[in-house]
Student: 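Before anything else, here's the structure in question.
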Number of protein chains: 2
Amino acid sequence: MPGRTQKKLVDSAPQRILADFKVGVDNVIFSVDTDQNRLLVLLVMRHEEPCIGQWSLPGTLVRQGESLEDAAYRVLSEKIRVENLYLEQLYTFGGPDRDPREASTSYGVRYLSVSHFALVRYVEAELIADGVSGIAWYPMHQVPKLAFDHNQILEYGYRRLRNKLEYSPVAFEVLPELFTLNDLYQLYTTVLGDNFSDYSNFRSRLLKLGFLQDTGVKVSRGAGRPATLYRFDANAFAPFKDKPLVFI
Amino acid sequence: MPGRTQKKLVDSAPQRILADFKVGVDNVIFSVDTDQNRLLVLLVMRHEEPCIGQWSLPGTLVRQGESLEDAAYRVLSEKIRVENLYLEQLYTFGGPDRDPREASTSYGVRYLSVSHFALVRYVEAELIADGVSGIAWYPMHQVPKLAFDHNQILEYGYRRLRNKLEYSPVAFEVLPELFTLNDLYQLYTTVLGDNFSDYSNFRSRLLKLGFLQDTGVKVSRGAGRPATLYRFDANAFAPFKDKPLVFI
DNA sequence: TCAAAAGTGTTGTTGTTACACCCATGC
DNA sequence: GCATGGGTGTAACAACAACACTTTTGA
């Protein structure tokens, strides 16, 4: 198989042998710890070669008959039990030599990573400790050097998260059914930084839009005046789909 | 190989055989014909199985040693000669059974499509007629039924194009070095529809931002007062990166 | 001189920002 | 009663939309 062994050669005549791929799915799974105002990302310790002993994004290889999205959900459900989540595709990283396995095998199988981005409810997300330790929520700003190109993927996911918050109602996927306006505000400040908007302005802007239902119910959290609980009304939000910057 | 032949069975014991993939790259290539106010997309006629005789997005399979981006540029350069272009990755479509070739082969090879989105200069883009006919610019709103899931990919690309226009300076990749404000405005209206903004407001908004250099040169196009030629100043634009809705 | 295209200005309305202030509760 | 967090109001300012108007050209 001459073409295969010559894959590193820079040849004027293009070599036309198709690459064979295994396709992986790597998930950037975020959650927000509103109590401590921290944005968290789920990391797992690798117990297999390659990159054994390094932290990485949870991932898996796609199986026969399985769609990319299915695979992404499978990784997620193997690592955490969670009721509410948001998931979407992020980006596909697929240059040659991004995975050490490519070099080690002489058959030239390439590894491609279709990364996904997920947001889950922190309070209800229960980590599945699979015997050995090695799965943890890391604060976004204390993430170590990760395996493969996972730091790059994480950066990409973080950017997407911030954008999503600005124009889409992802936040409500991850808040409880009933929430206070302060819960919502905290979520935004922990992700976007607390200089994005004044609380009272954030408040009146969102209420004016009219997709937050006042439930009338009040809840008291320690000292101070009790807060009103709101519910997100997806129908009332519909007209704002595709409109940019709804939340900022 | 029991697992392979049973891939359609819904089994309680998950089958764990990894899928083997060929990876394709499909390009949504846009250009704007400012003379006729039309948004165009490049389509090619398929001359091979599967889907022979149908129009499709130009695409190819990724070769050994070739990155996804390389493959995307290769497709492009095989179809058109062009100096200035913008290209970015769009989305990866990879469900099982999206490609008829998957069914026809018994070895269960899957076909995955990493779609890309490109914008080229219409006036300088020269189509490469490869003997047989079968490559053409189609007005976006007259696109026929395409092969595979390419209509879906195209829709996705169109949405991305409109978003890009709103917050990023892609337009200048596709305008000549020197252009009039009307050229710019025409480009925006043909893509976004002509109800997106009044010309004079568009004009003053952009000029106030300060990243359009007045060259002092005037150009006369038929009747009417001659227009000033402007140049895009990438440095002056830098502060607006990451800021949403610069252009609207 | 007139139509056509470029470019400027004006005005009412809306949104944003940065606050000051009032309200209801626990301790 | 006072600290604490929830909630309302407002005034200065910036942005936006609609449209009238002026300028400079070719025919």
Side-chain angles (χ1 to χ4, degrees), chain A residues 34-37 165-167 175-176 178-190 192-231 239-240 243-248, chain B residues 34-37 165-167 175-176 178-190 192-231 239-240 243-248:
Chain A
T34 33
D35 290 343
Q36 294 194 60
N37 268 39
L165 272 193
E166 296 181 358
Y167 62 84
L175 282 174
L178 302 181
F179 53 88
T180 70
L181 279 171
N182 214 19
D183 291 340
L184 186 59
Y185 181 67
Q186 291 308 325
L187 196 156
Y188 271 84
T189 46
T190 55
L192 300 178
D194 44 41
N195 47 354
F196 89 99
S197 174
D198 178 275
Y199 171 60
S200 78
N201 292 331
F202 176 80
R203 198 191 150 69
S204 30
R205 185 152 19 87
L206 282 202
L207 287 179
K208 191 158 48 169
L209 293 171
F211 51 74
L212 297 183
Q213 283 180 1
D214 184 335
T215 64
V217 184
K218 308 281 180 189
V219 62
S220 205
R221 318 242 250 237
R225 175 172 173 175
T228 307
L229 286 175
Y230 290 85
R231 173 188 287 117
F240 299 100
K243 300 229 168 116
L245 296 192
V246 179
F247 295 90
I248 290 206
Chain B
T34 34
D35 290 341
Q36 294 194 59
N37 267 40
L165 272 193
E166 295 179 358
Y167 61 83
L175 282 174
L178 301 181
F179 52 88
T180 70
L181 279 171
N182 214 20
D183 291 339
L184 186 59
Y185 181 69
Q186 291 308 327
L187 198 156
Y188 270 84
T189 47
T190 56
L192 299 178
D194 44 40
N195 47 352
F196 90 98
S197 175
D198 177 276
Y199 171 60
S200 79
N201 291 332
F202 177 80
R203 197 192 150 70
S204 28
R205 187 153 18 88
L206 282 201
L207 287 179
K208 190 159 50 170
L209 293 170
F211 51 73
L212 296 183
Q213 283 180 1
D214 184 336
T215 63
V217 184
K218 308 280 180 188
V219 62
S220 203
R221 317 242 249 238
R225 175 172 173 174
T228 308
L229 287 176
Y230 289 85
R231 174 188 287 117
F240 299 99
K243 299 229 168 116
L245 295 192
V246 178
F247 295 90
I248 291 205

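Below, chains carry the letters A, B, ... as their sequence lines are ordered, and counting in each starts from 1.
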Student: Here's a test of your reading of the structure: between A/Gly224 and B/Gly224, which maps to the more 5' nucleotide of DNA chain D?
Tutor: A/Gly224

Student: Please report, rounded to the nearest Å, how far the C1' atom of C/dT8 is from the CG atom of B/Leu181.
Tutor: 13 Å

Student: Here's a test of your reading of the structure: between A/Ser220 and B/Arg225, which maps to the more 5' nucleotide of DNA chain C?
Tutor: B/Arg225

Student: Separation of A/Phe179 atom CZ from D/dG6 atom P, in whole Å?
Tutor: 14 Å

Student: Which comes earlier along DNA chain C counting from the 5' end, the contact point of B/Asp198 or that of B/Ala223, where each point is its nearest nucleotide?
Tutor: B/Ala223

Student: Could you tell me the separation between the CG atom of A/Asn201 and the P atom of C/dT14, rounded to a whole number of Å?
Tutor: 19 Å

Student: Pick the closest DNA chain D nucleotide for A/Ser204 and for A/Pro226 by heavy atoms, then say which residue is nearer the 5' end.
Tutor: A/Pro226

Student: Round to the nearest Å and state the distance from B/Lys218 atom NZ to D/dT25 atom P.
Tutor: 9 Å

Student: Can you find a pair of side-chain heavy atoms, one from A/Arg221 and one from A/Thr180, that are under 4.5 Å apart?
Tutor: yes

Student: Find the distance A/Arg203:CZ to D/dT8:C1' and express it as a whole number of Å.
Tutor: 8 Å

Student: Taking the six-membered ring where the residue is Trp, are the ring centres of A/Phe211 and A/Phe247 under 6.0 Å apart?
Tutor: yes

Student: Could you check how far NZ of B/Lys243 sits from P of D/dA15, rounded to whole Å?
Tutor: 12 Å

Student: Please name the pair of heavy atoms, one in B/Leu245 and one in B/Tyr167, separated by the smallest distance, quoted to 0.1 Å.
Tutor: N-CB, 3.6 Å

Student: Which part of the nucleic acid, if any, lies within reach of A/Arg205 when heavy atoms closer than 4.0 Å are counted: base, sugar-phosphate only, or nothing?
Tutor: sugar-phosphate

Student: Checking all strands, does B/Ser200 fall into the base, sugar-phosphate, or nothing category for heavy-atom contacts under 4.0 angstrom?
Tutor: base

Student: Relative to the ring of A/Phe202, is the ring of A/Tyr188 parallel (under 30°), tilted (30 to 60°) or perpendicular (over 60°)?
Tutor: tilted

Student: Between atom CG of A/Leu207 and atom CG of A/Asp214, what is the distance when rounded to the nearest 0.5 Å?
Tutor: 8.0 Å

Student: Could you tell me the separation between the CD atom of B/Gln186 and the P atom of C/dA5, rounded to a whole number of Å?
Tutor: 10 Å

Student: Without decimals, in angstroms, what is the distance between B/Asp214 CG and C/dG7 C1'?
Tutor: 12 Å

